[in-house]
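The block underneath contains the structure these notes are about, expressed in structure tokens.
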Amino acid sequence: MNKELLKKSQSLIALFLLCLVISVLSDKFLTTNNLWNVLRQISVNICISVGMTLIVLMAGIDLSVGSVLAFTSAVCAGLLKNGIAIQSLDLFIGFTVLGSVLSALIIGLMMGIFNGWVITKFSLPPFVATLAMLTIARGATMLYTQGIPISNLGSSFEFIGSGWLLGIPVPVWISTIMVLIVVFITKKTAFGRYIYAIGGNEKAAFLSGININNIKLAVYGIAGMMAAIGGVLVTSRLNSAQPNAGTSYELDSIAAVVIGGTSLSGGVGTVTGTVIGAVIIGVLNNGLVLLNVSPFWQQVVKGLVILLAVIIDKKSKK
Amino acid sequence: MLQAINISKSFPGVKALNAVNLSFYPSKVNAILGENGAGKSTLLKILTGVYTEYEGEIRLNESTVKFKTIKDAQKAGIAIIHQELNLIPTLSITENLFLGQEIYTKWGLLDSKKMNQKAEELLKKLQLNSSPTTLIQNLKVGEQQLIEIAKALLTDAQIILMDEPTSALSDKEIDNLHRIIHELKNEDKTIVYISHKMDELFQIADTYNVMRDGNSIDAGEMAQASEQDLIRKMVGREVKIEKKTATNFSNENILEVKNLNLKHPHITNKDQLKDISFNVKKGEILGIFGLMGAGRTELLETIFGMNPASMTGEITIDNQTVSLKSPKDAIQYGIAFATEDRKTEGLILGMSISSNISLTTLQTTQLLNESQEKSVAHDYIKQLGIKTPSESQLCVNLSGGNQQKVVLAKWLSTNPKVLLLDEPTRGIDINAKNEIYELIKKLTHEGKSIVVVSSEIPEILALSDRILVMSEGQMKATLLTSEANEDILLKYAI
């Protein structure tokens, strides 16, 4: 029993040890300011990663989340700042903060559903389908922004990424609520059970009368929307939409999922594991910066930590 | 001679082998008999170097050997043909045969010509009419098995272990396999043969070793043994399978199939099913008998809505003509389908018993009610006699018989009108088999109709009220069980 508990909490122990080492090496780590900062920074990755977890649980993968983040970020900022102007009809539609955020989320959802549609309709490997979306969405972002950041979005919009509510940063509220929703989905709904079933054995799930295609559409849609939430957070935090936002975010989120103990072959894993994985990556990033490690070495260290985490996970499951 | 002397092996919580002693003689077929869980697989794994930690001693031709790896065992001349075949489907016959032992030219490149030549010789010996460049995925299961044997011959193995080699073969393929085994015997090789099929063992085996619960119970000459006696030793009680005599079905048609045709998925102008028509009455068990490739499984799959695009014909359930576009549709109309392969199609092995059972009855938008799931699972565990510590046990940890019972529970929970069963007792020990027979018969008393596909004649005769015989996608005969016997069934099936 104790052994089981140890296995379950090993990523938490790893996180604790990591914090311990960094706080010994740097006195700046364990300050309230820095800790809130870390949590605020990882809230974007957490949103993306919980969506990614659902996909990976189904034995899928989504490489497009970073580009979807960038596109929804650009659309959100563009609508808020410029609205839609159709000159031939002499028509102008302006957007409130809520309107532009909702539009971004809907577009993220649609892009995710498109991923799912291509994957199910044409039986494409998720790797290939979402790789295509990675390029398409990045290109669309460049087209929409013409490669120029969209900035100065107003202070009410800034509140989403930089504000505080009841003593806690708003992005932390948002990511926490998202985590709770997805945990609820995976643990308490038939839909969540189906995700595990499809990842565990798709054929058996199909023969049990589960509509596999619909579940996949929904899950890729959710992941797209989660990326869009990340997009809104990033845009608001910087008060600007950057055309190259979110580059290689898919890798950070896959890393969080894997460090959190979710199997890439599907069926096994938890959302809470992913959250711990994302926190480990965030703390590591923060610690390396505090310790003045060069950015080049940071990447090497991060890669080694991912390797180590997955090796330990694999060993302990044997 | 290969001997296992006082071999013991423990896993956490279980003693899999308890000082077993078995001897396998050259130029003989040495049978190992035992139910699932008797310790046969564990013993095979020790003999082939998969498990390296054990107590006791393996003696090969009077000298002690200790294998540290699978390669060690191979070098000592021991080859194993697994129940689940270990071939790479996308590579050719030759490439599979020579995997890891390729022949090179003097330039250090692969010598395909020489390898193909050697492969061809082997194929000829095994009477397999395929080119050595054929991909494994294009071979039938029986042919793939022969490739495994060819692999063993290529390494010049002196001892060949066969773990249920005929469980997926047609009678013709079994005959061919037996012929090859005879030849191997004449070449002084030692054959170790595991099978659940008694009649087959009496045909082919020279000696027997009975195992039960990790112990070696008895050994001797097959010629001096009786079937009843062996079964008693295996299960510790007498079990007899008899032809079904009592029937209790009504006149009401539950399932009617009319002029069912199914196109071949790859070959145009070829049908997998041709003009199949039959009906099943309420409370009736219809047996479908046929050899591999007769279209039995395809028939069940089509009725279950798995081939909506390539089928034509009419399916009527409860006097209502239905169009089934997916398994989901079929389930809604009261059809359930326990597939042949529990592991790849029946269960989500990494999930608990209760989650597997509820999978067929959940609605996508519904919240889970775990206490209710557990109580449903608990009821089925009791009702079907599933041996498990709790309903939260993962299915991967259950034995084959118990897994099959979970599959049945999963389908019974949908309260089906018609239950389709494809080889419901494949790879299951005799005890669990009889329990499943009893269960199936009991279901008909509750008014359920059952269609059971089986390649085992005793099973068909024991269960069915009527028997439909298929061959090459066509119906050859429909017989009452009272007028059927082994010879008649085989006559129509061939």
Side-chain angles (χ1 to χ4, degrees), chain A residues 1-4 7 54 56-59 116 120-121 123 180-219 221-222 261-271 316-318, chain B residues 12 297 300-301 304-306 324-352 354-373 394-396 403 406-407 409-411 413-414 416 420 422:
Chain A
M1 190 61 209
N2 274 337
K3 225 175 170 180
E4 282 289 304
K7 267 184 202 170
L54 298 182
V56 174
L57 280 175
M58 260 179 3
T120 52
K121 174 84 182 170
S123 323
L180 291 177
I181 291 173
V182 178
V183 167
F184 179 80
I185 289 176
T186 52
K187 297 263 183 220
K188 296 288 175 198
T189 67
F191 175 67
R193 174 72 60 73
Y194 287 174
I195 292 174
Y196 281 92
I198 292 171
N201 185 343
E202 187 167 331
K203 183 97 190 266
F206 173 67
L207 292 176
S208 301
I210 297 172
N211 191 330
I212 308 269
N213 288 357
N214 284 356
I215 305 286
K216 282 191 177 170
L217 282 184
V219 168
I222 290 171
T262 298
S263 156
L264 282 178
S265 46
V268 181
T270 59
V271 175
S316 72
K317 270 177 189 157
K318 265 186 185 167
Chain B
T297 299
L300 296 191
E301 285 176 354
F304 196 58
M306 287 166 69
L324 305 173
K325 298 268 179 260
S326 68
K328 196 184 168 93
D329 286 353
I331 293 167
Q332 262 153 15
Y333 282 108
I335 304 181
F337 181 25
T339 50
E340 177 176 1
D341 197 326
R342 297 182 286 277
K343 292 191 166 129
T344 63
E345 297 179 333
L347 294 173
I348 320 276
L349 289 175
M351 275 191 173
S352 67
S354 59
S355 303
N356 266 287
I357 292 175
S358 67
L359 214 51
T360 45
T361 48
L362 287 176
Q363 301 299 319
T364 313
T365 51
Q366 170 195 345
L367 294 186
L368 297 177
N369 180 345
E370 271 178 54
S371 59
Q372 194 206 336
E373 283 182 7
L394 302 185
C395 287
V396 71
Q403 284 179 348
V406 176
V407 172
K410 157 181 165 176
W411 289 114
S413 71
T414 66
L420 312 175
D422 196 357

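Letters A, B, ... are given to chains in the order of the sequence lines, protein chains preceding strands, and every chain is numbered from 1. Everything quoted here is computed from the prediction, not taken from an experiment.
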Which heavy atom of [X] sits nearest a heavy atom of [Y], and at what distance?
X      : Y      : result
B:T364 : A:Y194 : OG1-CE1, 3.5 Å
A:T189 : B:L367 : CG2-CD2, 3.6 Å
B:E345 : A:N201 : N-ND2, 4.1 Å
A:A204 : B:I348 : CB-CD1, 4.1 Å

- Task: Give the member of A:E202, A:K188, A:K187 that has the highest number of heavy-atom pairs under 4.5 Å with chain B.
- Result: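 Between A:E202, A:K188, A:K187, the count favours A:K188.
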
Checking heavy atoms, do the side chain of [X], its backbone, both or neither come under 4.5 Å from chain A?
X      : answer
B:L362 : both
B:Q332 : neither
B:T361 : neither
B:T414 : neither

- Query: CG of A:L207 to CG of B:L359: how many Å apart, nearest 0.5 Å?
  - Reply: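 A:L207 atom CG to B:L359 atom CG measures 10.5 Å (nearest 0.5 Å).
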
- Rounded to the nearest 0.5 Å, how far does OG of B:S326 lie from CZ of A:F206?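 Rounded to the nearest 0.5 Å, the CZ-OG separation comes to 6.0 Å.
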
- Top of B:S358, B:S355, B:G346 for chain A proximity - count of heavy-atom pairs under 4.5 angstrom: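 Ranked by heavy-atom pairs under 4.5 Å with chain A, first place is B:S355.
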
- chain A contacts, top residue of B:T365, B:T344, B:I331, B:N356 (heavy-atom pairs, under 4.5 Å):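 Counting heavy-atom pairs under 4.5 Å, the top option is B:T344.
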
- Query: With B:N369, which residues qualify under side-chain hydrogen bond (donor to acceptor under 3.5 Å, both in side chains), at least two apart?
  - Reply: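 Counting only residues at least two positions away or on another chain, B:N369 forms a side-chain hydrogen bond (donor to acceptor under 3.5 Å, both in side chains) with B:S371.
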
- Query: Can A:R193 and B:E373 be counted as an ion pair, charged N to O under 4.0 angstrom?
  - Reply: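 A salt bridge is present here (some side-chain N lies under 4.0 Å from a carboxylate O).
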
- Item | Atom group of A:I210 that falls short of 4.5 Å from chain B, counting heavy atoms |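 Looking at A:I210, just its side chain touches chain B.
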
- In terms of heavy-atom proximity below 4.5 Å to chain B, should A:F184 be classed as side chain, backbone, both, or neither?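 Side chain only.
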
- Pair B:K410-A:S208, side-chain donor/acceptor within less than 3.5 Å: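 Distance-only check passes for B:K410 and A:S208.
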
- Message: With a sphere of 6.0 Å drawn around CD of B:Q372, does it hold more than 12 non-hydrogen atoms of other residues, nucleotides or ligands?
- Response: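 For B:Q372, atom CD is not crowded (no more than 12 foreign heavy atoms under 6.0 Å).
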
